[in-house]
2 protein chains.
Amino acid sequence: MTTKNARTRGARADGMPAPDAAQLILDTAARLFREQGYASISLRDIAAETGMKAASLYHHFASKDDIVGEVLRIGVERVSEEVRRSVMALPPDADALLLLRTAIHAHLHALLKLQDYTSANVRIFGQVPAHVREAHLGVRDGYEKYWTSLLKRCAAAGQLDPARNLHLVRLFLLPGLNGSLEWFREGRMSLRTVSSELAELLLNGLGVRGDRAREAPALKRTAG
Amino acid sequence: MTTKNARTRGARADGMPAPDAAQLILDTAARLFREQGYASISLRDIAAETGMKAASLYHHFASKDDIVGEVLRIGVERVSEEVRRSVMALPPDADALLLLRTAIHAHLHALLKLQDYTSANVRIFGQVPAHVREAHLGVRDGYEKYWTSLLKRCAAAGQLDPARNLHLVRLFLLPGLNGSLEWFREGRMSLRTVSSELAELLLNGLGVRGDRAREAPALKRTAG
DNA sequence: GTCTATATTTGGATAGAC
DNA sequence: GTCTATCCAAATATAGAC
């Protein structure tokens with residue numbers, strides 16, 4: 001897929017030196033993809049924004065697919081690092097609510113505040129050519145498996161209802177979080193408030209606690 | 001936006017007569033958009049699939065934007081009708097779990113089984129040109145408001161925790177449901193099982209019921 | 001109402017000078 | 001390592017015959 005050594009870039013930690021040209025190209029591409037999606041951004045756009053010409057990009061990357069593949073990969077890498085680091089900083093006996101709140105906050109923080117790469121990933125994943133998307137699935141898979149392991153850790157502490165299907169929960173949860181890209185705006189609710197509310201919703205549900213609203217009659221009346 | 005009378009099409013009920021050319025074009029476009037996304041489908045593709053040539057489409061629609069705008073509109077219309085009809089068929093005293101399960105099932109049913117339009121909407125909404133997306137926002141808005149009203153109906157019956165932010169719940173819920181487009185496959189779990197599980201998750205939460213896991217200490221240790 | 005032919009634009013990619 | 005110039009393919013859209 002890649003002819004250059006682009007695979008090693010973008011894994012830097014925090015305060016970093018002046019980026020080389022390839023790094024600048026990726027940063028610019030990620031920002032533009034986040035802002036405007038995949039299809040409407042041309043190599044000419046990316047080049048112009050970096051102060052170069054389109055042909056020059058080919059010295060650093062083999063193709064547009066190569067660039068977007070890198071942006072996708074780095075996006076997952078960044079959110080994954082953020083969530084794992086935050087969870088690892090918790091005490092080993094952290095309860096389910098603290099775990100969920102921390103992981104949700106870290107995911108949203110990476111998505112909404114930290115970097116263009118993560119939000120670009122969420123935004124353009126469904127837009128890139130099929131073979132790029134398929135090549136990227138393995139990278140996503142690792143992150144999704146991590147979330148399932150997180151939920152299992154909560155369950156192992158005996159704090160989750162064993163009736164819940166944790167696989168299904170994860171499938172529902174991540175798109176729900178990623179949807180925040182469409183509606184979160186600075187100023188109204190803080191990210192920490194949103195994270196807390198969502199963690200409580202996930203753990204405690206929408207219903208009143210106590211012994212009402214437990215069971216309901218079988219669903220017979222609604223047509224298929 | 002539209003120069004033809006396309007706005008009146010696509011609102012048909014159930015068993016319908018042979019579709020006219022414009023209807024066939026829309027049906028074909030919706031199916032192709034659902035299968036392959038927006039950017040990779042050209043007017044030539046749509047025309048070829050209907051047995052026509054690209055130029056002929058312009059007799060029925062003013063532009064590609066016109067076609068895709070119609071597909072988006074019909075998609076929301078269909079899912080909205082499905083959910084409203086299902087909920088209206090419930091007894092007036094239906095409890096929160098039955099309401100949520102019914103609405104979730106109807107939404108997923110429209111998305112995954114019923115029509116190409118709804119899934120095309122979810123799939124390509126983020127891919128269409130900005131002005132098409134913005135023109136469509138008003139249509140989506142009506143459906144989203146309906147969901148908020150549904151949640152309020154549950155709350156009015158005293159079955160929801162008043163601490164929950166219903167607006168936030170809706171923002172989280174709908175993308176969570178729409179994500180099923182990426183993972184739901186026939187055969188494993190039935191749609192009804194998925195709907196039930198998600199409704200119970202939403203109402204009762206992930207945690208054990210009973211008086212454990214209620215409160216947790218404030219979040220102080222995790223870095224921002 | 002559908003066709004052929006074509007105008008026009010745009011984007012990815014390459015060749016080769018500097 | 002970046003540039004200018006250009007190729008080639010594909011897409012929307014239009015003109016006008018039938």
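The structure presented is a predicted model; accordingly, all values stated were derived computationally and were not measured. Heavy atoms only: backbone and side chains are in, while hydrogens, waters and symmetry mates are out. In what follows, chains carry the letters A, B, and so on, assigned in the order in which the sequence lines appear, proteins first and then strands, with residues in each chain numbered from 1.
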Quiz item: Of the residues in residues 42-54 of chain B, which ones touch DNA chain D at a heavy-atom distance under 4.0 Å?
Solution: B:Ser42, B:Leu43, B:Arg44
Quiz item: Taking OH from B:Tyr58 and C1' from D:dA15, how many angstroms apart are they, rounded to a whole number?
Solution: 14 Å
Exercise. Mind calculating the distance between CG (A:Leu57) and P (D:dG1) to the nearest angstrom?
Key: 14 Å
Exercise. Would you mind reading off the distance between A:Asp65 atom CG and C:dG11 atom P, rounded to a whole angstrom?
Key: 16 Å
Practice problem: Starting at CD1 of A:Ile25, measure out to CD of A:Glu70 and round the result to the nearest 0.5 Å. | Solution: 11.5 Å
Quiz item: Can you say whether the rings of A:Tyr38 and A:Phe33 are parallel (under 30°), tilted (30 to 60°) or perpendicular (over 60°)?
Solution: tilted
Quiz item: In whole Å, what is the span from the NE2 atom of B:His60 to the C1' atom of C:dC3?
Solution: 12 Å
Show the distances under 3.5 angstrom between N or O atoms of the protein and N or O atoms of nucleotides 15-18 of chain C.
none

Quiz item: A:Phe184 ring centre to A:Lys113 NZ or CZ under 6.0 Å, with the angle to the axis within 45°?
Solution: no
Practice problem: In whole angstrom, give the distance that lies between atom CD1 of A:Ile41 and atom C1' of C:dT10. | Solution: 14 Å
Quiz prompt | A:Asp27/A:Arg31 ion pair, N-O < 4.0 Å | solution = no
Quiz item: Taking atom P of D:dG1 as reference, at what distance in whole Å does atom CD1 of A:Ile25 sit?
Solution: 11 Å
Exercise. Give a yes/no answer on whether the side chain of B:Ser56 brings an N or O atom under 4.0 Å of OP1 or OP2 in C:dC3.
Key: yes
Exercise. I would like to know whether A:Asp45 and A:Ser42 meet side-chain hydrogen bond (donor to acceptor under 3.5 Å, both in side chains); could you show each step before the answer?
Key: CA-CA 5 Å; A:Asp45 294 328; A:Ser42 68; 3.2 Å; yes
Practice problem: Determine, for B:Glu200 against A:Arg164, whether the closest basic-nitrogen to carboxylate-oxygen distance falls under 4.0 angstrom. | Solution: yes
Self-check item: Any side-chain heavy-atom pair of A:Ser180 and A:Val194 under 4.5 Å
Solution: no
Practice problem: Please check if the distance between the ring centroids of B:Phe172 and A:Phe172 is under 6.0 Å. | Solution: yes
Practice problem: Taking only the side-chain nitrogens and oxygens of B:His59, find out if one of them lies under 4.0 Å from OP1 or OP2 of C:dC3. | Solution: no
Quiz prompt | Length of the line joining B:Phe61:CZ and C:dG1:C1', which is rounded to integer Å | solution = 14 Å
Practice problem: Please determine which of B:Leu98, B:Leu99, B:Leu100 meets the side chain to side chain contact (heavy atoms under 4.5 Å, CB included) test together with B:Thr102. | Solution: B:Leu98
